[in-house]
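This one's a predicted model, so the numbers in the text were calculated from it and none came from an experiment. Numbering of residues begins at 1 and proceeds along the displayed sequence.
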Amino acid sequence: MSKDAKNVPALRFKGYSDAWEKRKLTELSKNKIGRGTPSTKVLDFWNGKLPWLQSSDINESNNYSVKPQKFISLQALKHSAAKRVPANSIAVVTRVGVGKLALIEYDYSTSQDFLSFSSLNWSALFSVNLLTLIMTQMSRESQGTSIKGVTKSELLAKKVRIPISLKEQEKLGILMKSINDLIAATLDCNNKVTT
């Protein structure tokens, strides 16, 4: 088998035949944002309008479902380690709750337990599903050790094969999201109580 043949998946969408390229995950986005928690002792930092995400806000079985419970103010952004992450970024939990992640469609901020990928270079839907696979693998690898998280440098150094074409990435992302939505709908149906 030639080197290129190993980089060409056997199952493809019609019209795509180029070899996939090996890339480091650091190339996924222009910006990687990891931040901190505003002091809870400063009341002016809290009860603002910017969602401040915690691991518990992310639905582990749905990469598109986030329910922020806390919000910070502009004062928190100006006078603490908190930073605004722009809309359409991917928030990845790297410490407490490691493995959870979500594509966030609005501006937000996070605790230091997150790494957010913003200004994506790759398709958003493809990227969120790729990160889900990577984080699942990394979480399994850290089980049974004293490590309770994934370091940001470990995550960014991961190498993956991706389609060169953004259109192929988008098609794969849509397909993976459809499958995830179907699974989530099935889980919802199984958890409903009938009377």
Beyond-backbone contact of L28 with L131, side-chain heavy atoms, under 4.5 angstrom: yes
Residue pair Q54 / S111, side-chain heavy-atom distance below 4.5 Å: no
If hydrophobic clusters are built by linking Ile, Leu, Val, Met, Phe, Trp and Tyr wherever their side-chain heavy atoms come under 4.5 Å apart, do [X] and [Y] end up in the same one?
X	Y	value
V98	I104	no
I90	L172	yes
I162	L156	yes
L130	I164	no
W20	L175	yes

Distance-only donor-acceptor check, side chains S165 and E168, under 3.5 Å: no
Pair listing, ring pair (Phe, Tyr, Trp, His ring centres under 6.0 Å) test, anchored in residues 156-175, at least two apart: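 Matches after skipping sequence neighbours: none remain.
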Qualifying ring pair (Phe, Tyr, Trp, His ring centres under 6.0 Å) pairs, either residue in residues 83-107, two or more places apart: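 Found none.
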All side-chain hydrogen bond (donor to acceptor under 3.5 Å, both in side chains) counterparts of K32, not counting sequence neighbours: none
Check residues 112-125 and write down every donor-acceptor pair under 3.5 Å in which the side-chain atom is one partner and the other belongs to a residue at least two apart or another chain.
unit_1, atom_1, unit_2, atom_2, d
Q112, OE1, T37, N, 3.2
Q112, OE1, T37, OG1, 2.8
D113, OD1, R95, NE, 3.0
D113, OD1, R95, NH2, 3.4
S116, OG, Y108, OH, 2.8
S119, OG, N31, ND2, 3.4
N121, OD1, K30, NZ, 3.1
N121, ND2, E27, O, 2.9
S123, OG, F126, N, 3.4

More than 12 heavy atoms of other groups within 6.0 Å of E105 CD: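 It does not: E105 CD has 12 such atoms or fewer within range.
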L74, CG atom: more than 12 neighbouring heavy atoms under 6.0 Å: no
Minimum heavy-atom separation for [X] and [Y], please, with both atom names.
X	Y	result
I58	A91	CD1-O, 4.5 Å
V93	M135	O-CE, 3.5 Å
L101	V92	CB-CA, 3.9 Å
V66	P68	O-CD, 3.5 Å

What pairs of donor and acceptor atoms, side-chain ones from residues 40-52 against any protein atom, are under 3.5 angstrom apart with sequence neighbours left out?
unit_1, atom_1, unit_2, atom_2, d
W46, NE1, S39, O, 3.0
W52, NE1, T110, O, 3.3

Polar side-chain atom of S109 near backbone of K83 as donor-acceptor pair, under 3.5 Å: yes
Nearest-0.5 Å distance that lies between atom CG in L103 and atom NZ in K177: 9.5 Å
From NZ (K158) to CD (Q137), nearest 0.5 Å: 4.5 Å
Pairs satisfying side chain to side chain donor-acceptor pair (under 3.5 Å), at least one member in residues 62-76, at least two apart: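 Non-adjacent pairs meeting side chain to side chain donor-acceptor pair (under 3.5 Å): N63-T132, Y64-N129, Q75-H79.
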